Structure formats: structure tokens, C-alpha cells
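I have placed the structure first, in the form of C-alpha cells, so that the comments after it can refer back to it.
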Number of protein chains: 2
Amino acid sequence: MISGRCAACKYLRRRCASDCIFSPYFPANNPQRFACVHKIYGASNVGKLLQQLPEDLRAKAAESMYYEAQCRIKDPVYGCVAIISLLHQQIHILESQLAKSRAELAVLMMPQPEESEIGHETSFNNFLLEQVGSVAHSGQYSIQDSSGFM
Amino acid sequence: MISGRCAACKYLRRRCASDCIFSPYFPANNPQRFACVHKIYGASNVGKLLQQLPEDLRAKAAESMYYEAQCRIKDPVYGCVAIISLLHQQIHILESQLAKSRAELAVLMMPQPEESEIGHETSFNNFLLEQVGSVAHSGQYSIQDSSGFM
């Protein structure tokens, strides 16, 4: 089926067999998709990886390899590990903001003082809120960047 | 230098030249590191990628390729895209918790009522806090999973 060759077989200038491992995942109308995974993994490695998987998982594998290959072409040093590091940073920031917000809430939810104690209590609450602010900015995070590259 | 071959040259059973592209990043005492990137990318692709980079960035590139290759061996379907999806989920949860906490704070920080209005105001604040809870659980997130696989 030379005329109906998939993107991989066109690229590799070979006959596209009816049971071609690439054909369902690398259609002829998207040659860039195959070129991308071929550049990073090599056709043979992509074929091997797809072959070892059950058929119903191959589309997902082709998609994730394409995603990683695109990342590596855009960023040859870090590939999609750069994205993982950015997401870890985002999580650190959110955890810090959440800790601050929850600590502020805890202070405000404290039992209300008696009428005569209002003056002291208010200034003590303000003191606690200030402490909350400084602790939240000191960077005590529970989740570490597991990639460890950046 | 047959006796001092790097892990790549040992694996490929070839002479390790003094300017071997793999040698600084794939030491002989860690053969599994090279075997891993070779299985996923192929030695030739790893060598090409390192060669195209300035020398000071090659160690980072070798490290990130090793990380991605390990992920792909552990999870042949999703590779490290699985980690990206998990981190996105974690960010969604944290954003939701932060929105809830901040909305609760906003309610509690409202101006205090006059003595005579305390009864009404308290029940209105409780109503607002309940609304905050239900909105925070309705899943209005600003960051979407850019990988789009899971």
C-alpha cells in the first residue's frame, strides 16, 4: 500500500504493511509528529516500545512520547523535566500561601474575649497574625522537588 | 584506554577515546545509568544531543535524559508525563483549598456588627461560610492540565 503509507513509512521510505506498528498512531497527514519522536527516540525504539504494549495502550504511549519529544526539542537540556520543576515551584508557593491563610484563620477563629479583655486580646491577635505572616514567608515546605535538577 | 572505558564504551564494546562524548556523564562504575538511556533513546541519539550542547550544559542534559528514561522504563505508557499529570492534580487541590481558606478569611474579616445586630450578623456570617464551602468544592480552577493525557 505505497499510496496509503503512514507518516513513519513515508519518512523511512519503506512499504507500509497492513499491520504496521506506527500506522494507527502516526497518520500520513501529520508528518511532523513522527519526525519529532524519530529525532529524539529513533523509529526503532518507538516501534519497540509500542510493540511491547497491549494495543489499547499504544495510542496513549505514542501521545506521551510525542509530548516528551516536543519538550526535548524545545529544551534540549531539561526536556519536560523543566515542566516538572516549574510545577514543583508552583506547589511550594501554593503550600506556603495556604499555610499562611490557615494560620490567619486559626487566629481569627480563637474564642472571643470578655468585654474587659478586648484591648489586650486584640493586640495579642494582631501579634499572632504578624507571626503567622513571618512564618509563612520562612519557606517551610513539605514537598520537595523530586527531580532535583534545578 | 581499554582499561579505563566509560560505561557507554564498555556497553558498546568499543574503544573509549580521550574525547569520548559519553565518558564524563556515564562513568564506568554506574553501568545501569547508560543502559537506561540507551534502552529508551539509543546511544547514537544521546551522543548527538550531548554533542550539540555547550559543554557546561551536557551534565544537566545527561541527568534529565536519565530521569526521563527511568520514568519511561517504570511506566512505558505515560513516562514522566504521569508525574506532570499528578502534579497538576495536586495544584488543582491546593488552589481549591486556598480559595476556600481565603473566602473564609474574607468573611471573618468583615466589619464587626453593632451590639444590637450581633444575632443577625452571626447567622449571616455562618450562611456566607457555608456558601464559601460549597463554592470551593465546585471545582473552579484556573490552571488546566496542559499535558491533556489523563
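Source: prediction; values computed, not measured. First the proteins, then the strands, lettered A, B, ... as listed; each starts at 1.
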### Query
Ignoring hydrogens and geometry, is there a side-chain-to-backbone donor-acceptor pair from Glu104(A) to Leu105(B) under 3.5 Å?
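It does not hold such a pair.
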
### Task
Taking Arg5(A) for its side chain and Cys16(A) for its backbone only, find out whether a donor-acceptor pair lies under 3.5 Å.
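Not confirmed, Arg5(A) side chain does not pair with Cys16(A) backbone.
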
### Toward chain A: residues of residues 19-32 of chain B with heavy atoms under 4.5 Å
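If one takes a 4.5 Å heavy-atom cut-off, no residue of residues 19-32 of chain B lies near chain A.
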
#### Entry: Heavy-atom contacts under 4.5 Å, residues 39-46 of chain B to chain A
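Only Lys39(B), Ile40(B), Tyr41(B), Gly42(B), Asn45(B) of residues 39-46 of chain B have a heavy atom under 4.5 Å from chain A.
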
How many angstroms lie between [atom1] in [X] and [atom2] in [Y], if you round to the nearest 0.5 Å?
X	Y	atom1	atom2	value
Ile91(A)	Ile91(B)	CD1	CD1	4.5 Å
Gln70(B)	Asp75(B)	CD	CG	13.5 Å
Ile83(B)	Gln90(B)	CD1	CD	12.0 Å
Arg72(A)	Tyr78(A)	CZ	OH	10.5 Å

#### Entry: Contact class of Leu53(B) relative to chain A, heavy atoms under 4.5 angstrom
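For Leu53(B), the contact with chain A is made by the side chain alone.
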
### Task
Could you please spell out the steps behind the salt bridge (Lys or Arg N to Asp or Glu O under 4.0 Å) verdict for Arg33(B) and Glu63(B)?
CA-CA 9 Å; Arg33(B) 183 178 159 96; Glu63(B) 192 61 29; 2.9 Å; yes

### Message
Just so I know, are the side chains of Val77(B) and Ser64(A) near enough to count as touching, which here means a heavy-atom distance under 4.5 Å?
### Response
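Val77(B) vs Ser64(A): side chains apart.
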
### Neighbour count above 12 (heavy atom, 6.0 Å) for Gln52(A) CD
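Enclosed: over 12 neighbouring heavy atoms sit under 6.0 Å from CD of Gln52(A).
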
### Task
Could you look at Leu57(A) and say if it's the side chain, the backbone, both or neither that has a heavy atom under 4.5 Å from chain B?
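Looking at Leu57(A), backbone and side chain both touch chain B.
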
### Query
How close do Glu95(A) and Leu94(B) get, heavy atom to heavy atom, and via which atoms?
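The pair with the smallest heavy-atom distance is CG-CD1, 3.8 Å.
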
### His92(B) and His88(B) aromatic ring geometry - parallel, tilted or perpendicular at 30°/60° bounds
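Ring orientation of His88(B) relative to His92(B): tilted.
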
### Task
Select, from Cys80(B), Ala62(B), Gly79(B), the one with the greatest count of heavy-atom pairs under 4.5 Å involving chain A.
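Looking at each option in turn, the highest pair count goes to Cys80(B).
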
